[in-house]
Amino acid sequence: MERVYNPKEIEKKWQKIWEEEKAFAASQDFTRPKYYALVEFPYPSGQGLHVGHPRPYTALDIVARKRRMEGYNVLYPMGWDAFGLPTENYAIKNHIHPRIVTQNNVKRFKEQLQTLGYSFDWDREINTTDPNYYHWTQWIFLKLFKAGLAYKAEMPINWCTSCKVGLANEEVVNGRCERCGAEVVRRVKSQWMLRITEYADKLIDGLDTVDYIERVKVSQKNWIGRSHGAEVDFPIKGKQETLRIYTTRPDTLFGVTYMVISPEHPYLTKFSDEIRNLDEIRAYQESASKKSDFERSELAKEKTGVKIDGLTAVNPVNGQEIPIWVSDYVLMSYGTGAIMAVPAHDERDWEFAKKFHMPIIQVVESAKGAVDVNQAAFTDVATGRMVNSGFLTGMEVEKAKEAILNYLEKEGIGTKKTNYKLRDWVFSRQRYWGEPIPIVKCPKCGYVPIPEDQLPLELPDVESYMPTDNGESPLAAMRSWVETTCPCCGGKAERETDTMPQWAGSSWYFIRYTDPDNRQALASKEAMEYWLPVDWYNGGMEHTTLHLLYSRFWHRFLYDQGVVPCAEPYRKRTSHGMILGENGEKMSKSRGNVVNPDDIVNEFGADTLRTYEMFIGAFDLSAAWSQEGVRGCRRFLERVWKLRDLVVDETPGELTADGYSRALETKMHQTIKKVSNDYESLKYNTGIAAMMSLINEFYKAGKVTREEFRTLLILLNPVAPHITEELWESAGYEGRLYQAKWPAWDEAKTVESVLEIAVQINGKVRATIQLPADVSKEDAIAAGKAAVADRLTGTIVKEIYVLGRLVNLVQK
RNA sequence: GCCGGCGUGGCGGAAUGGCAGACGCGGCAGACUCAAAAUCUGUUUAUGGUGACAUAGUAUGGGUUCAAGUCCCAUCGCCGGCACCA
């Protein structure tokens, strides 16, 4: 064995051995307890692996390796989310088929991941672009279609001017494309949509049954945006029709001073004959339609609007006549596109009322004291009590809501209504490199699904992948593929030419890992019943309202269809923080602060990179890269390496003669406990710190017993698998380290035999004393008093002893 | 604006309400070396003191408690998400 620590050599050696021995293959023995650990599979980009990737991968590799040592049958898989725009764009630019580009990128990514020594079960590798995989992506789409959850709609979509593709709402960030940052404009197009809104309640309520970190739950809830309220019909003066509005504050109905409808509201057309200032209204509609959604919200500071001359609403609870306005602060896409304005108790209405000099009527007062609704809207529901509100006057807000809802329903004026911010999922992309949507459009039969036995519908080879400005997919130009016959009537028909978004393949990939080669089904019942749900899923916060929500939707749907055995796909979800550049900024080529993982592996070794990324700081917070920090971790591993020179053939716990052993035994048990717990709770940094501290003790003692060294190797193995496996072999321990059993700690042995007790007077430490572990409260206090006798000048009014920690004497 | 999270040495960061600063980095001093690097040892919150020690100290101001970085109230600052959703 080498004298010096040479990671290049030993890392290759062990990676080869693990592969040959199939060390980390998940067993199909369904009688053993299972553990399914999952990390988000990467998009194999041309840039190769980023130093951000190893952070979550190492974290769950630690968990997976520990679980195997604890006797679980572990599934820790990896694959490729390989459909996507960058690949397609690269293919166009360099005239290479996207399939080839993908193959090359996957190869590079896989090599890079393999140099890091992850315990992935590579036999289960999957690729979303493999027809045997997307067969089942298409199959799920057909299920959705048949269940009425996939539909085609003519609607304004978010069109990225640079990618030349429609985007889902979730993919638009501040009016710009999430991917490329280019401006997003509205375009009307016929699109495939998925009715995720149908699942809004299930997606919110399901969150109560899973163990996700709080901020993930909160953002999903906010994104779905469920609110409870009422729809109320306001009669229009002199007409049969009523104006239906949505409100979450029906209790404030007596405070309505005007109404507002959205510029797109159909009544503006329907009642155009009645409207006397039609030109003005048309002009306003025109200017509103020119604004993008982004501009509309950007200009939120300044409200605009026009009063409709000729239409008047009537308040159904008190008969008061109310003017109707048009303003773009009311959105057609939420609620009914019309609101009742209560400026006294809504900030937006208040602002609008101030600008256009509308009356402000207070109908809620605060139990805490006077409020002046001419200065600001009063929106506090908790302390509110009704005034000026007819039969509601005197009630608390919550009571009043109930009372008015009952009244509205009884009188047939309104109904309870729940609304959501969530919109249906735009599922079409006008690009080549995605799963073809398995639908045929027949002039007689409409949209017809392709028979299941004809799946997968493979992507044809086309000559040009160039995106088109007219919004058609490149597939549309391939007539021989487009022209087909209707599966229903046999007549001439055309294929759908849009493809699925990148989120399709990743919405169910964790199911495929349980049975990746199945040709009859997306996975066998037995495999799904055994492996699902995923026990621990870690991924980026940026996927909270995209991938995570989409995949929960699909899974819940499959559960309702009886395909999968559980309602929620992931039992536990955690998130890692970003790794920033050395200057604390996000890593990017333009900032020149990118760190390449290959360079770190070459210079320091994979074990150092793994250790460093786990030691860098709290797992869920972002952390800046530090080359000096990397060096420190390498130094730690060097010290572990050299520790073998200090190994002595002695039994731990029996060497009290030199006074070192008992203390070390305690430290050992404390470390086993700390490391075991920290690996479970994402506190890798303190777990590693505990091991550093332990070996510092070994160095101080000048020796380490065979048993202690063995335990240390097991504890460190999940973090630094290669060096520990090598040391294990050279020290001659039995079998392979990866087959070893995770050590247990003895709680009794984690307690120090000699207690260091702080003695405080009035909370300030005045002395430190040593006492035997089994000291009584009385003796501890007496010893404490003795230690600070010269300072005890007053009367002691209280004596506190905190077991094993301190004595506090309170004197006057 | 709303919702989350955070604020601790020169730096990354530790602390079930119980001795703040574990562990690492960097610095300083020493050992080894002709020398340097690497390695090892010691030291490292600030102020005062040769020293034991004393005093102050976890963004700011209050409060609860025998005891507060930790709990409560208010303020300031930073980061992330959502943003006219009635």
Side-chain angles (χ1 to χ4, degrees), chain A residues 173-174 213-219 221-223 225-227 229-230 245-250 252 260 262 293-294 296-303 327-331 333-342 345-349 351-352 379 419-423 541-542 544-545 577-578 584 611-612 615-618 620-633 635-636 638-639 642 674 683 685-694 696 699-700 756-768 796-811:
Chain A
V173 177
N174 283 340
I213 48 171
E214 198 52 31
R215 54 192 179 129
V216 168
K217 286 192 182 185
V218 168
S219 357
K221 277 182 194 162
N222 287 345
W223 186 262
R226 177 161 66 187
S227 65
I245 59 94
Y246 175 72
T247 179
T248 55
R249 295 293 304 274
T252 60
V260 188
S262 150
D293 272 355
F294 181 55
R296 259 165 93 152
S297 55
E298 263 297 90
L299 301 169
K301 302 143 216 157
E302 194 59 13
K303 296 255 182 302
S327 173
D328 64 5
Y329 86 88
V330 173
L331 310 172
S333 50
Y334 183 80
T336 61
I339 63 153
M340 61 179 215
V342 186
H345 306 292
D346 181 280
E347 278 168 29
R348 295 149 302 182
D349 297 346
E351 215 180 296
F352 193 82
T379 55
N419 268 333
Y420 307 89
K421 291 186 200 174
L422 185 70
R423 313 285 168 79
M541 274 310 286
E542 71 274 19
T544 302
T545 52
M578 248 195 301
T611 307
Y612 175 66
F615 189 64
I616 192 167
D620 58 333
L621 300 179
S622 56
W625 188 265
S626 155
Q627 201 74 4
E628 290 305 326
V630 177
R631 205 158 281 138
C633 288
R635 208 171 293 161
F636 164 60
E638 295 272 6
R639 276 165 68 80
K642 287 183 203 148
K674 175 121 187 91
K683 292 166 81 176
N685 54 337
T686 51
I688 292 168
M691 289 185 283
M692 289 173 167
S693 183
L694 178 68
N696 287 346
Y699 272 98
K700 252 182 238 163
E756 292 256 315
I757 303 286
V759 183
Q760 300 181 334
I761 297 176
N762 295 348
K764 280 196 186 294
V765 179
R766 293 303 175 191
T768 306
I796 295 176
V797 294
K798 198 161 186 177
E799 296 166 345
I800 290 142
Y801 173 59
V802 180
L803 188 67
R805 296 237 180 222
L806 56 77
V807 169
N808 190 12
L809 304 168
V810 184
Q811 76 174 357

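Residue numbers start from 1 in every chain, and the chains themselves are labelled A, B, ... in the order their sequence lines are given, proteins ahead of strands.
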Please state the P separation for the pair B:U58 and B:C19 - nearest whole angstrom.
16 Å
Minimal non-hydrogen separation, A:L806 against A:I757, with atom names:
CA-CG2, 3.7 Å
Reckon A:K674 has a side-chain N or O less than 4.0 Å from the OP1 or OP2 of B:A14?
no
Could I get the full list of salt bridge (charged side-chain N to carboxylate O under 4.0 Å, His left out) partners for A:E628, not counting sequence neighbours?
A:R631
Look at the rings of A:W625 and A:Y612 and say which category their plane angle falls in: under 30° parallel, 30 to 60° tilted, over 60° perpendicular.
perpendicular
Can a donor-acceptor pair be found, under 3.5 Å and without considering hydrogens, that links the side chain of A:Y699 to the backbone of A:R639?
yes
B:G10 glycosidic conformation (syn if within 90° of 0, otherwise anti) is anti
Using a heavy-atom cut-off of 4.0 Å across all strands, would you classify A:E756 as base, sugar-phosphate, or nothing?
base
Out of B:C84, B:G1, B:A14, which nucleotide sits closest to the side chain of A:T686?
B:A14
Could you tell me which residues satisfy ring-ring contact (aromatic ring centres under 6.0 Å, His included) with A:W223, sequence neighbours excluded, listed by chain and number?
none
Between A:A341 and A:D349, which heavy-atom pair has the shortest distance, and what is it?
CA-OD2, 3.3 Å
OP1 or OP2 of B:C84 less than 4.0 angstrom from a side-chain nitrogen or oxygen of A:K421, does that happen here?
no
Restricting both atoms to N or O, compile the protein contacts to nucleotides 36-39 of chain B shorter than 3.5 Å, with distance only.
unit_1: B:U39; atom_1: OP1; unit_2: A:R635; atom_2: NE; d: 3.3

Applying a 4.0 Å non-hydrogen cut-off, can you work out what A:K217 is touching in the nucleic acid: base, sugar-phosphate, or nothing?
nothing
Please give the distance between the P atoms of B:U41 and B:G17 as a whole number of Å.
35 Å
What one should report as the nearest heavy-atom pair of A:V330 and A:I339 is CG2-CG1, 3.7 Å
Ranking B:A15, B:C84, B:C19 by distance to the side chain of A:K683, first place goes to B:A15
For A:R249 and A:M340, the nearest pair of non-hydrogen atoms, with its separation, is O-CE, 3.5 Å
Sticking with atom C1', work out how far B:G13 lies from B:A22, rounded to a whole angstrom.
10 Å
Between B:G62 and B:A68, how far apart are the two C1' atoms, rounded to whole Å?
14 Å
Is A:T248 touching bases, backbone alone, or none of the nucleic acid, heavy atoms closer than 4.0 Å?
sugar-phosphate
How would you list, by chain and number, every residue that makes a salt bridge (charged side-chain N to carboxylate O under 4.0 Å, His left out) with A:K421, sequence neighbours excluded?
none
Go through the structure and list residues passing side-chain hydrogen bond (donor to acceptor under 3.5 Å, both in side chains) with A:T379, not counting sequence neighbours.
none
Applying salt bridge (charged side-chain N to carboxylate O under 4.0 Å, His left out) to A:D346 and not counting sequence neighbours gives A:R348
Look at all strands and tell whether A:V802 reaches a base, only sugar-phosphate, or nothing, counting heavy atoms closer than 4.0 Å.
base
Using a cut-off of 4.0 Å on non-hydrogen atoms, how would the nucleic acid contact of A:T247 be classed: base, sugar-phosphate, or nothing?
sugar-phosphate
Got a sec, which residues hit ring-ring contact (aromatic ring centres under 6.0 Å, His included) with A:Y420, two or more places apart in sequence or on another chain?
none
Heavy-atom closest contact (A:A624 atom, A:I616 atom, distance):
O-CD1, 3.7 Å
Could you measure between the two P atoms, the one in B:G18 and the one in B:G69, and give it in whole Å?
10 Å
Between C1' on B:C25 and CH2 on A:W625, what's the gap in Å once rounded to a whole number?
14 Å
Which dot-bracket string describes RNA chain B (Watson-Crick N1-N3 plus N6-O4 or O6-N4, or G-U N1-O2 and O6-N3, all under 3.5 Å; [ ] crossing; | other strand)?
(((((((..(((.....[....)))((((((.......))))))((((....))))..(((((..]....))))))))))))....
If every non-hydrogen atom of A:T544 is compared with every non-hydrogen atom of A:S219, which pair is closest and at what distance?
CG2-OG, 3.8 Å
In whole Å, I'd like the distance from the NE2 atom of A:H345 to the P atom of B:A86.
17 Å
The criterion is side-chain hydrogen bond (donor to acceptor under 3.5 Å, both in side chains); which residues satisfy it with A:E542, sequence neighbours excluded?
none
Might you list the N or O atoms of the protein lying below 3.5 Å from N or O atoms in nucleotides 65-70 of chain B, with each pair's distance?
unit_1: B:C66; atom_1: O2'; unit_2: A:N808; atom_2: ND2; d: 3.4
unit_1: B:C66; atom_1: O2; unit_2: A:N808; atom_2: ND2; d: 2.7

What does the list of N/O pairs under 3.5 Å between the protein and nucleotides 5-13 of chain B look like, with a distance for each?
unit_1: B:G12; atom_1: O2'; unit_2: A:I616; atom_2: O; d: 2.9

To the nearest Å, give me how far apart CD (A:Q627) and P (B:G24) are.
19 Å
Rounded to whole angstrom units, what separation is found between the CZ atom of A:R805 and the P atom of B:A20?
12 Å
Rounded C1' spacing from B:G21 to B:G7 in Å
16 Å
Pick the P atom in B:A36 and in B:C32, then give their distance to the nearest Å.
12 Å
For atom CZ of A:F636 and atom P of B:A22, their distance in whole Å:
17 Å
So which nucleotide from B:C19, B:C25, B:A86 ends up closest to the side chain of A:L331?
B:A86
Measuring to OP1 and OP2 of B:A86, would you say a side-chain N or O of A:S227 lies under 4.0 angstrom away?
yes
Expressed in angstrom and rounded to an integer, what is the separation of A:I213 atom CD1 from B:G81 atom C1'?
13 Å
Is any side-chain N or O of A:R766 closer than 4.0 Å to OP1 or OP2 of B:A52?
no
Please classify the nucleic acid contact of A:G632 as base, sugar-phosphate, or nothing, using heavy-atom distances under 4.0 Å.
sugar-phosphate
Hey, is the side chain of A:Y334 poking within less than 4.0 Å of OP1 or OP2 on B:A86, counting only N and O atoms?
yes
For B:A67 versus B:C84, give the span between their P atoms, rounded off to a whole number of Å.
49 Å
Whole angstroms only, please: what is the CG-P distance between A:L803 and B:G18?
14 Å
Checking A:S227 against A:Y246: is there a side-chain donor and acceptor pair closer than 3.5 Å?
yes
Which residues share a side-chain hydrogen bond (donor to acceptor under 3.5 Å, both in side chains) with A:D620, sequence neighbours left out
none
Expressed in angstrom and rounded to an integer, what is the separation of A:N696 atom CG from B:U41 atom C1'?
13 Å
